[in-house]
Amino acid sequence: MLGLMQEWPLLCHKIIDHAARQHGNREIVSRSVEGPIVRTTYRELRQRALKVAQMLERDGFVLGDRVATLAWNTARHVEAWFGIMGIGAVYHTLNPRLFPDQLAWIMNHAEDKAIFVDLTFVPLLEKIAPSVKSLKKVIVLTDAAHMPETSLPGAVAYEDWLAGADGDFAWRSFDENTAAGMCYTSGTTGDPKGVLYSHRSNVLHAMMAAMPDAMGISSRDSILPVVPMFHANAWGLGQSAPMIGAKLVMPGGKMDGASIYELLDTEKVTFTAAVPTVWLMLLQHLEETGKKLPYLKKVVIGGSACPRVITKKFQENFDVEVIHAWGMTEMSPLGTLGTMKPEYAGLTGDARLDIQEKQGYSPFGVEMKVTDDENRELPWDGKTFGRLKVRGPAIARAYYGGAGTEQFDTEGWFDTGDVAHIDPNGYMQITDRAKDVIKSGGEWISSIDIENLAVGHPDVAEAAVIGVAHPRWDERPLLIVVPKAGKEPSKDDILRFMNGKIAKWWMPDDVAFVSEIPHTATGKIQKTALRERFKAYALPTA
Ligand code: AMP
């Protein structure tokens, strides 16, 4: 017997309809790429998104066409997203930090037919566009006055293009499993892989993200997604903020400490989210200027492990709650969040920080388990590490074009490639990427734990740990350190600082000082490059 409830497909444009109707006057504030702060509302944004949809159809784009965006977080980018999805086309967010060759490869793989591009990235697109044969239309996200000279064939200024529509348009209707968006993961090895979100998965993910024990956001919040829309939907905020009617504050291309502080202050931001590097820059700015954060209540930190010192400073010096989160492009992206269950809610000081070093627990909609290499499930005892596997309605079941099939099993589990343990209360902690794990005498050493500890040293700006060949132990950890500007910490200094805070056999065998650590386009430490550089390193213990 079937239930007798209405068919109401979970389509993304219903989110912006709801925002315009119930929260029509709520502001979206953007630091525009041209410079000034620009204000709009959900009502106006929806109207302009309808014009985007109308113009795309007029230009011949249809259901299933991939429409790329190469843009910062601004209201224009959000309205382009909703306009693209509203005709059943697929927004494809490109990460401008990738190399031009990689971007061209990705655009060709996705067969992008049109692109919305920010002024900042016009020179980059000029390099790529000639090799993307599918590309028919270039729309520069600016007005006629700011339109640059460009070699991009037929490029139009967004505002001129949009002026051709009257907005008298109805969203198209289709199945909720229709593709809505696309984002490529920038693996450190091999070609990038395309993740294809559906309308249904985006809507479910947005609901999940907003829940009280997930991000816990509401219409009373002023939300600053520093995390870019090209990083897995700005961690879902691109959809969950309009869904719950929160004020949105978009940082454009400026993510330095002073610029972020200015928005936090003038727009009375209560909730923000980004990777640890952004928060290191902000905290440094606050320390240099003596400024405070009177409005900010919560900050979500993820993308890579959040060092304890960041959590401690936010909470103890600024009274801002930190939520450590873990996720992946393949998971839309949220997987776990470190909000407090009653079991941990009463903890304070170091005991609380210990729990917050974990990546948290999964909300409804994410199932997880850890297994050994033979796929046997491991206990939730808070110490047995294994491969972390996940499944759920907003988690990829395949990559676009069929790459990476070995990561998906027949029971629907996706192998994340992360190594983790889960404690009896369900809190997961990542110890490594499977391929980065250090094996010493047959036992695993967590490089993340050592890195987090090392960056707690006052003279250390950044730290990375890799395994280096050792005749007796097979591999031993080498700590690679970038000192803070003007500081010259010694090896003994750093090791003394770490001593007693991790197991003795986890202590690095040596410390190497470098001026810079290489990063991937999503800001993760490029361990492959470090391993290559230090492969012949002679450890003093060898
Ligand atoms: P991406 O798809 O680019 O977001 O990368 C996902 C990967 O980033 C995960 O598989 C993890 O290896 C890593 N990652 C994300 N969040 C965290 C976190 N809070 N702690 C440690 N690693 C993380």
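All residue numbers in this chain count up from 1 along the given sequence. Note that ligands are numbered from 1 as they come in the structure, with each ligand's atoms numbered from 1 the same way. Note that these values count all heavy atoms, side chains included, but never hydrogens, waters or copies made by symmetry.
Set against the non-hydrogen atoms of T329, the atoms of ligand 1 under 4.0 Å away are 1 (P), 2 (O), 3 (O), 4 (O). Taking a cut-off of under 4.0 Å to the non-hydrogen atoms of Q359, the atoms of ligand 1 that pass are 18 (C), 19 (N), 20 (N), 21 (C). Taking a cut-off of under 4.0 Å to the non-hydrogen atoms of W326, the atoms of ligand 1 that pass are 9 (C), 11 (C), 14 (N), 15 (C), 16 (N), 17 (C), 19 (N), 23 (C).
Below 3.5 Å of separation, one finds an N or O of H324 facing an N or O of ligand 1. In terms of polar-atom proximity, G303 is counted as a contact of ligand 1, with an N or O under 3.5 Å from an N or O of the ligand. Among the atoms of T416, none of the N or O lies under 3.5 angstrom from an N or O of ligand 1. Taking only nitrogen or oxygen atoms, main chain and side chain alike, A325 reaches within less than 3.5 Å of ligand 1. Below 3.5 Å of separation, one finds an N or O of A305 facing an N or O of ligand 1.
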Please walk me through it: do V227 and V275 pass side chain to side chain contact (heavy atoms under 4.5 Å, CB included)?
CA-CA 7 Å; V227 52; V275 294; 5.9 Å; no
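The shortest non-hydrogen separation linking H199 to A180 is CD2-CB, 3.5 Å.
Contact annotation: for R433 versus ligand 1, heavy atoms closer than 4.0 Å belong to the side chain alone.
Closest to atom 9 (C) of ligand 1 by heavy atom, among T185, D418, V275, is D418.
Applying the ring pair (Phe, Tyr, Trp, His ring centres under 6.0 Å) definition to pairs two or more places apart or across chains, none involves residues 499-521. Residues in residues 331-388 take part in these ring pair (Phe, Tyr, Trp, His ring centres under 6.0 Å) pairs, two or more places apart or across chains: Y344-Y427, Y361-Y427, F385-H421, F385-W444.
In this structure, K524 counts as a contact residue of ligand 1, since one of its heavy atoms falls inside 4.0 Å of the ligand. For the pair C306 and ligand 1, no heavy-atom separation below 4.0 Å is found. Proximity of P333 to ligand 1 is not established, as no heavy-atom distance is less than 4.0 Å.
A donor-acceptor pair is defined here as one N or O able to donate and one able to accept, closer than 3.5 Å; no such pair exists between the side chain of E316 and the backbone of K313. A donor-acceptor distance shorter than 3.5 angstrom exists from the side chain of S134 to the backbone of D112, with no hydrogens or angles considered.
Considering N202, L204, L10, V203 in turn, L10 is the only one that fulfils the side chain to side chain contact (heavy atoms under 4.5 Å, CB included) rule with E176.
You'll find the ring centres of F116 and Y91 outside the 6.0 Å limit.
Remark: D319 CG is loosely packed, at most 12 non-hydrogen atoms of other residues, nucleotides or ligands lying under 6.0 Å away.
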